Amino acid sequence: MRQPIIAGNWKMNNTIADTKVLLADLIPLVKGAKAECIVCVPYTNIQTAGELIKGTNIKLGAENVHWADKGAFTGEISADMLLELGVEYVIIGHSERRQFFGETDETVNKRSITCLAKGLKPIICVGESLEERQSGAYTAILEAQTEKALVGIDKSELGNLVIAYEPIWAIGTGVTATNQEANDTIAIIRNKIASLYCRNCADNVVRIQYGGSMNPKNVADLMAMPEIDGGLIGGASLNASDFSKVVKY
Ligand code: 13P
């Protein structure tokens, strides 16, 4: 019912030249995958990536978008700019943006609303720090992040957004949440969505990914968990062979 969805988040990696090499390798490897396959690339690579993946089963994503239509926002990129290049998905509120670039639950909400209004699909990231995990505060924090991200978003839009649960302590560390931890935490987020919208919306419409050191070795076990609908992949998305193995888990 919920189609698996694997997205690569290249972060600040790959020049245009690197993009050409990586995608040329990746395209044949992911052909025929059952999971929806997305690459979220730096702004400067979007045009090149879009041209290269045209006619393939790889979809195009960006790593952020501003909420305003246009204007005096130096360094920002608008939804129309992304749409013109064929972008379909946009990562919103990644923990690196929250930690290093002042992203808040409120700006995550504004960006997500703009995405949906414009026909872009936000991949909304939520996740707790190690301290929040260890203190047990993570449940309340994830529920609050989820609720605040979704303020003003109508039930009819839930099929057009994706949530990515990314525990900060598992990102780029090689430490993965256990299958059970990832599953149970995603269930907390899904239950929150059920209470905000409806049980059916949560169970049958909204897809929730796990992110944090997902790789060819652990992907099958994570994806076998009932709550986990996909992955948001950092490091392992930078290597065509590794990423294709994750996509074709
Ligand atoms: P890693 O897969 O490198 O841990 O990164 C996860 C991530 O932050 C994806 O958005």
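These numbers were taken from a predicted model, which means no experiment stands behind them. As the structure lists them, so they are numbered: ligands from 1, and atoms in each ligand from 1.
Here Asp80 does not pair with Lys70 in a salt bridge; the nearest charged N to carboxylate O distance is not below 4.0 Å. Checked for salt-bridge contact, Lys11 and Glu96 meet the test: a charged N lies under 4.0 Å from a carboxylate O. A salt bridge is defined here as a Lys NZ or Arg NE, NH1 or NH2 lying under 4.0 Å from an Asp or Glu carboxylate O, and Asp25 with Lys20 fails to meet this definition. With salt bridges taken as basic N to acidic carboxylate O contacts below 4.0 Å, one links Arg207 and Glu36. In summary, Arg2 and Asp203 do not engage in a salt bridge, as defined by a charged side-chain N under 4.0 Å from a carboxylate O.
Looking at Ala170 against ligand 1, only its backbone comes within 4.0 Å, counting heavy atoms. At a heavy-atom cutoff of 4.0 Å, ligand 1 is contacted by the side chain of Asn9 but not by its backbone.
Atom 3 (O) of ligand 1 has as its closest protein heavy atom Gly235 N, 2.8 Å. Nearest non-hydrogen protein atom to atom 2 (O) of ligand 1 is Gly234 N, 2.9 Å. Closest protein heavy atom to atom 7 (C) of ligand 1: Glu166 OE2, 3.1 Å.
Side chain of Arg98 to main chain of Gly93: a donor-acceptor pair is present (N/O by atom type, distance under 3.5 Å, no hydrogens or angles).
Taking a cut-off of under 4.0 Å to the non-hydrogen atoms of Ser213, the atoms of ligand 1 that pass are 1 (P), 2 (O), 4 (O).
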| said: As a quick check of understanding, evaluate side-chain hydrogen bond (donor to acceptor under 3.5 Å, both in side chains) for Trp169 and Glu128, giving each step before the final call. | reply: CA-CA 8 Å; Trp169 45 274; Glu128 82 284 1; 3.0 Å; yes
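For the pair Gly212 and ligand 1, a heavy-atom separation below 4.0 Å is found.
Residue Glu96 has no nitrogen or oxygen atom sitting less than 3.5 Å from a nitrogen or oxygen atom of ligand 1, judged on distance alone. The shortest N or O to N or O distance between Leu232 and ligand 1 is not under 3.5 Å. Of the N or O atoms in Gly172, one or more lie within a sub-3.5 Å distance of an N or O in ligand 1.
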